[in-house]
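Notes follow once the structure below has been shown.
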Amino acid sequence: MAETRGERARHWRYEELPGVDLLRAHYIRKSFVRHTHEHFVIAAIADGVEVFHHGSGDQYAGAGALALVNPDTPHTGRAGVPEGWRYGAVYPSPDVVAAIAAETTTLRGTPGFVTPVLDDPYTVHLVHQVLRATDEGNPLAADTLLRVVVTRLLRLNGGTLPRREVRTAGARTAARARAVLEERMAAPPTLEQLAAGLGTSPFALLRAFRDTYGMPPHTWLTDARVRRARRLLDAGTAPSEAAVTVGFTDQPHLNRHFSRIVGVPPGAYQRERKNVQDARGDRSVASGAWQWNGQQGMSTRTYGPVTEAARPPRAQGTRSRREGRSRTAPWYGTHSASGSPSDSPGSPSA
């Protein structure tokens with residue numbers, strides 16, 4: 001297990017939870033550039049503070065809180081305190097969330113989260129239990145707990161997402177520009193060439209694209225390249241080949257951007273995908289056991305009925321309650337790679 005300045009991360013899938021990505025990480029110096037996710041982000045902070053730019057300003061999520069990001073929503077990510085932040089996250093697809101919402105809520109239309117930060121230690125606990133269930137090879141618990149997490153969050157902080165309609169001339173131009181960049185991802189035009197082909201000026205296109213997609217075209221293109229690289233890696237393409245296919249100059253170029261968007265290097269990301277296919281059940285561990293940097297320890301957490309009655313006893317004071325919960329949070333992972341701070345303004349992510 002490689003190590004990068006004390007930062008560790010594992011990004012994986014569990015075969016019995018289709019449409020869901022999983023993450024455990026401890027980041028200290030890592031800064032996530034502005035990017036988006038195709039899936040929802042449900043990040044449960046166990047220790048420290050994460051700061052992420054979302055909407056018109058910075059959001060702060062500390063221990064016992066959740067960072068919540070809807071699909072295709074630009075955001076960043078960085079540490080809010082010197083010791084960084086430690087968290088577990090689930091990334092359910094829009095289809096997964098929509099199916100759960102249709103069964104357990106009265107929301108109509110496309111469901112999503114209303115506010116990006118929710119202080120709810122109980123749901124933080126449940127998210128970590130989802131991850132533990134996948135580690136233990138317990139698909140019934142993992143599926144059950146995930147559904148409870150999504151249902152609870154939609155009831156506490158859910159709403160119907162507005163439909164993104166292309167109405168203005170600027171938005172239509174931005175959509176056309178995006179289509180060109182998707183088609184010519186490996187060999188994109190310059191901003192001037194792109195604007196000329198669309199019959200507009202470079203600065204008019206830049207403003208329209210930023211207003212429509214929350215980031216300039218070059219940032220969007222990097223994000224889109226990493227998304228496509230993920231799909232290639234999932235399909236078994238070697239990282240070096242994926243890098244060139246999506247338009248990066250070489251694998252180190254892919255590594256740098258991939259780590260600053262996904263949170264782990266592409267090689268580690270792909271190994272976890274391969275493990276899902278080649279070693280079903282091999283990652284099971286004894287119930288109650290957890291690992292930190294190869295050391296075995298014991299956690300006091302156990303599975304119980306997934307109801308409000310199962311809420312852990314409330315300690316005296318929010319701070320003591322959160323600290324007690326974070327001490328027993330399980331850890332599994334490979335160490336992360338920090339990116340170069342020159343790529344983008346400081347930013348964070350779930």
Side-chain angles (χ1 to χ4, degrees), residues 11-14 17-23 32-44 50 52-56 59 61 66-77 87-105 107-118 123 127 130 146-147 149-166 171 174-175 178-179 181-182 185 209-215 217 219-231 233-234 257-258 260-263 269 347-350:
H11 195 296
W12 79 103
R13 281 182 180 169
Y14 182 53
L17 281 184
V20 181
D21 280 1
L22 308 163
L23 174 73
F32 287 85
V33 298
R34 185 173 297 276
H35 65 285
T36 63
H37 295 277
E38 294 177 289
H39 289 192
F40 285 86
V41 177
I42 301 174
E50 180 187 13
F52 60 106
H53 192 86
H54 180 287
S56 60
Q59 306 292 329
L66 298 111
L68 305 171
V69 182
N70 294 318
D72 298 315
T73 301
H75 61 288
T76 63
Y87 68 109
V90 294
Y91 301 81
S93 71
D95 288 344
V96 168
V97 172
I100 295 173
E103 184 179 1
T104 62
T105 75
L107 294 174
R108 295 294 177 262
T110 303
F113 302 126
V114 175
T115 60
V117 176
L118 180 66
T123 305
V127 169
V130 173
L146 176 71
R147 291 172 186 274
V149 165
V150 173
T151 300
R152 179 176 172 85
L153 290 176
L154 289 176
R155 288 176 176 172
L156 292 175
N157 188 40
T160 301
L161 297 180
R163 295 182 60 183
R164 179 177 290 176
E165 298 182 7
V166 179
R178 172 174 168 163
L181 293 175
E182 286 178 333
M185 184 173 291
F209 202 99
R210 184 184 285 118
D211 290 344
T212 304
Y213 298 112
M215 58 182 78
T219 303
W220 180 92
L221 179 61
T222 298
D223 190 42
R225 283 173 166 171
V226 169
R227 283 192 183 193
R228 188 169 295 181
R230 288 183 64 175
R231 289 193 285 271
L233 294 170
D234 288 345
H257 290 291
F258 197 97
R260 299 199 69 204
I261 288 176
V262 180
Y269 173 91
S347 49
S349 171

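Worth knowing before you read on, the calculation uses all heavy atoms, side chains too, and leaves out hydrogens, waters and symmetry mates.
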Nearest heavy-atom pair of Pro92 and Val97: which atoms, and what distance?
CG-CG2, 3.7 Å
When you compare the side chains of Arg34 and Thr219, does any donor N or O come within less than 3.5 Å of an acceptor on the partner?
no
Would you check if Leu118 and Phe113 make a side-chain contact, meaning some heavy-atom pair closer than 4.5 Å?
no
Qualifying residues under side chain to side chain contact (heavy atoms under 4.5 Å, CB included), relative to Thr105, sequence neighbours excluded
Ala101, Leu107, Leu154, Arg155
Which one of Leu23, Thr73, Val69 satisfies the side chain to side chain contact (heavy atoms under 4.5 Å, CB included) criterion with Val41?
Val69
Exercise: identify the closest heavy-atom pair between Ala174 and Thr212:
CB-OG1, 3.6 Å
Check step by step if side-chain contact (heavy atoms from CB on, under 4.5 Å) holds for Tyr14 and Leu22.
CA-CA 8 Å; Tyr14 182 53; Leu22 308 163; 3.9 Å; yes
Would Gln59 and His53 satisfy side-chain contact (heavy atoms from CB on, under 4.5 Å), going step by step from the backbone distance to the final call?
CA-CA 6 Å; Gln59 306 292 329; His53 192 86; over 6 Å; no
Just jot down the side chain to side chain donor-acceptor pair (under 3.5 Å) partners of Thr115, sequence neighbours excluded, or say none.
Asn157
Salt bridge (charged side-chain N to carboxylate O under 4.0 Å, His left out) partners of Glu38, counting only residues at least two apart
Arg227, Arg231
Aromatic rings His37 and Tyr91: how do their planes relate, parallel, tilted or perpendicular, breaks at 30° and 60°?
tilted
Excluding sequence neighbours, so at least two apart, what forms ring pair (Phe, Tyr, Trp, His ring centres under 6.0 Å) with Tyr269?
His11, Phe258
So which atom in Ala67 and which in Phe52 form the shortest heavy-atom distance, rounded to 0.1 Å?
CB-CE2, 3.6 Å
If we only count heavy atoms from C-beta on, is the Leu17 to Arg13 side-chain gap below 4.5 Å?
no
Rounded to the nearest 0.5 Å, how far apart are NE2 of His39 and CG of Asp72?
10.5 Å
Heavy-atom closest pair (Val114 atom, Gly159 atom, distance to 0.1 Å) is CG2-N, 3.7 Å
Which atom of Pro111 lies closest to which atom of Leu161, heavy atoms considered:
O-CD1, 3.6 Å
Would you mind reporting whether Pro94 and Thr110 have side-chain heavy atoms less than 4.5 Å apart?
no
Please lay out, stage by stage, how Thr36 and Asp223 fare under the test side chain to side chain donor-acceptor pair (under 3.5 Å).
CA-CA 7 Å; Thr36 63; Asp223 190 42; 2.6 Å; yes
Thr104 backbone acceptor or donor facing Thr151 side chain under 3.5 Å
no
Rounding to 0.5 Å, atoms CZ (Arg147) and CD1 (Ile100) come to a distance of 5.0 Å
Going by side chain to side chain donor-acceptor pair (under 3.5 Å), name the residues that satisfy it together with Ser93, two or more places apart in sequence or in a different chain.
none
Determine the interplanar angle of the Tyr213 and Phe209 rings, folded into 0 to 90°, and report it as parallel if under 30°, tilted if 30 to 60°, perpendicular if over 60°.
tilted
From CA spacing to verdict: side-chain contact (heavy atoms from CB on, under 4.5 Å), Arg225, His257:
CA-CA 9 Å; Arg225 283 173 166 171; His257 290 291; over 6 Å; no
List the residues meeting salt bridge (charged side-chain N to carboxylate O under 4.0 Å, His left out) with Arg230, not counting sequence neighbours, and say none if there are none.
Asp21
Roughly how far apart are Ile261 CD1 and Thr222 OG1, rounded to 0.5 Å?
6.5 Å
dist Phe40:CZ -> Asn70:CG (nearest 0.5 Å) comes out at 5.0 Å
For ring-ring contact (aromatic ring centres under 6.0 Å, His included), just list the numbers for His35 and His75, CA-CA rounded to whole Å, side-chain angles, deciding distance to a tenth of an Å, and then say yes or no.
CA-CA 6 Å; His35 65 285; His75 61 288; 4.3 Å; yes
In the structure I gave you, are the side-chain heavy atoms of Leu68 and Val117 within less than 4.5 Å of one another anywhere?
no
